[in-house]
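Read through the structure below, which is laid out as C-alpha cells, and then see the notes.
Heavy atoms only: backbone and side chains are in, while hydrogens, waters and symmetry mates are out. So that the names make sense, note that chain A is the first sequence line, chain B the second, and so on, each numbered from 1.
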There are 2 protein chains.
Amino acid sequence: MGMGRPREFDAELALDQAMEVFWRHGYEGATIAQLTEAMGINPPSLYACFGNKEGLLKAALDRYTKLRNIWMEEVVAAPTARAVAERMLMGIADKQTDPANPPGCLLVQGGIACGSGSENVPFELAARRAQNEDQLRDRFVRAKAEGDLKESADPAALARYVSAVSVGMGVMASSGADREALRQVADVAVQAVEAQSTDKT
Amino acid sequence: MGMGRPREFDAELALDQAMEVFWRHGYEGATIAQLTEAMGINPPSLYACFGNKEGLLKAALDRYTKLRNIWMEEVVAAPTARAVAERMLMGIADKQTDPANPPGCLLVQGGIACGSGSENVPFELAARRAQNEDQLRDRFVRAKAEGDLKESADPAALARYVSAVSVGMGVMASSGADREALRQVADVAVQAVEAQSTDKT
DNA sequence: CCAGATATGTAGTGTTCACTACAGATGTGG
DNA sequence: CCACATCTGTAGTGAACACTACATATCTGG
C-alpha cells in the first residue's frame, strides 16, 4: 500500500493565487480557467485538492482570515478603545490600498450578492466579518469595564460601527479611492469612538 | 409608414421588477430567465426595449438613483451638518431594512466585483455612489461657510465618511442586520459629525 | 522490482448562459 | 383594406461554464 504520487505544487502558494482571483473578480466572476491558470495547475489537481469551486473559496477564506486574525491581535492590543479604533481603521486604509493585493477586502469583494446556486457564499463571508466584529466587541466590553469607555457607551454598537466603517472603506478602495482618502475617512470615524471615551487627553 | 404594434407591458413597472432581481442577486447572479419571469415578459421584449443585460441594469440604476435623489434633496435640506448626517444615516437604516425591498443598497448589491466581461458594472455603480457623495460634500461646504462646521473640518472628508458608513450599513443589512442594529450604527456615526460641528447644544 | 495508491495532463461531458431568427400578431398612415 | 412598422411567443443558437473520465506518470511499502 504505497502513498501515491506526491503533489507537484505548493497548496498554500496556489491558495494565495486563487485568493487574488476571487478578490479581484468575486466568487461568481472568477472562472475555473482563471483560477487554474493563476494557480499554475490543471482542473483535476484543483478538484482533487479542494473539492470544488466553493471548497477552494473556503480554503482561501481560511487563509485570509488566519492572516487577518494575527493582525487583529495587534489591533486589540492597543491600550484604549480609541487607539484600537485608530489602529484598526488606519491599518485598514493601508491594507486596502496595498498595491501587493487587489484593492478592498476579500470578505466584501468575494461576493455580497450571488446567484441562485451560490446563496451560501455571501453567508460565509458575512460569518467571517462577524468574527471580526466579535473581537472588537469583546475588546470594547473590556474597555468599558476598565472605565476607558463611558458608562453610556454600547460596546456592541461601537464594534458594529467600526466594522461598518471598515467595510465601507473597502468598497471605496475597490472603486478607486486612494490611501489618503481612506485615511481621512478613518480619521473622522475615530472621533465617534473618542466621543464615547472618558479620557480625552 | 405605420407606427407598429404598441408594447403590451409597462416599462417602468417591468424595471421595478428587474431592479429587485439585480438587487437580490447582483448583476452577474441575475439571469435573463429570472429577469424576464419577474418582469412578466419574454426575452425578445427585453432586448427590444433595453438592448441587453447591461442596458437593463443601467435603466434600473437610472430609476433607482432618480428616486434616491428625490430623497437626498430632503436629506440635504436639514438645517445643520449634524442633522443632515442623522437624517441620511437614520433614513438609510430604515430604507435598507424595508421589507418592501431586498435588504441593503442596489448600488452595492448590484456588483462590487465582476467577471472579465462586466468590468464596467462596478464602475457604473461607483459613479452613482460618487454622485451621492458629491451632494453631501456640497452641503457640508455650505455648512462650513455658514459656520456650522468648524474651521478645521474637511467637508470632502466628512462626505466621504458619511458615504462610507452608509455603504457599510448596506452590506450589514444584506447579511441580516436588523433595523435596530443599523440605527445604533447610525447613532454612533453621527457623533463624528457632531465632533466637527460648532454648536453642540 | 513489483503492487497499490495518488497526482497529472489531455480532452472532453452535460448544463446553463446571454442572446436571437423567425413567424405570427397588432397597431398606424394612406 | 392595404403596405408597413413594431411587438410578441416559440424555439432555438453558439459560447462559456463547472466539472470529470481516462490514460499515464510518480511515489511508497514489501
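Contacts between residues 52-64 of chain A and DNA chain C, defined by a heavy-atom separation under 4.0 Å, are absent. Against DNA chain C, the stretch residues 35-51 of chain A makes heavy-atom approaches under 4.0 Å through A/N42, A/P44, A/S45. Near DNA chain C, meaning a heavy atom under 4.0 Å away, the residues from residues 5-27 of chain B are B/R5, B/P6.
Within the model, atoms CG of B/L61 and CG of B/L107 stand 6.5 Å from one another, a figure rounded to the nearest 0.5 Å. Taking CZ of A/R82 as the reference point, atom OG of A/S197 lies at 8.0 Å (rounded to 0.5 Å).
Rounded to a whole Å, the CD atom of B/Q34 is 8 Å from the P atom of C/dC17. For A/M3 and D/dT28, the CE to C1' distance is 7 Å, given to the nearest whole Å.
The side-chain tip of B/R7 points at the ring of B/F9 from less than 6.0 angstrom away and within 45° of straight on.
With sequence neighbours left out, A/R87 forms a side chain to side chain donor-acceptor pair (under 3.5 Å) with no residue at all. For B/Q184, the side-chain contact (heavy atoms from CB on, under 4.5 Å) test picks out A/D154, A/A157, A/R160, B/E180, with sequence neighbours left out.
For A/E146, the CD atom sits in a packed shell: over 12 heavy atoms of surrounding residues, nucleotides or ligands are nearer than 6.0 Å.
The salt bridge (charged side-chain N to carboxylate O under 4.0 Å, His left out) pairs that include a residue from residues 115-126 of chain B are B/E124-B/R128, where partners are two or more places apart or lie in different chains.
Not one N or O on the side chain of A/Y161 forms a donor-acceptor pair closer than 3.5 Å with the backbone of B/D187.
Taking for each of B/A30 and B/G4 the nucleotide of DNA chain C with the nearest heavy atom, the 5'-most of the two is the partner of B/A30.
Residue A/T36 forms a side-chain contact (heavy atoms from CB on, under 4.5 Å) with just one option from A/L46, A/T31, A/V21, and that option is A/L46.
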*Mind running side chain to side chain contact (heavy atoms under 4.5 Å, CB included) on B/M39 and B/S45 for me, showing each step along the way?*
CA-CA 10 Å; B/M39 298 166 85; B/S45 297; over 6 Å; no

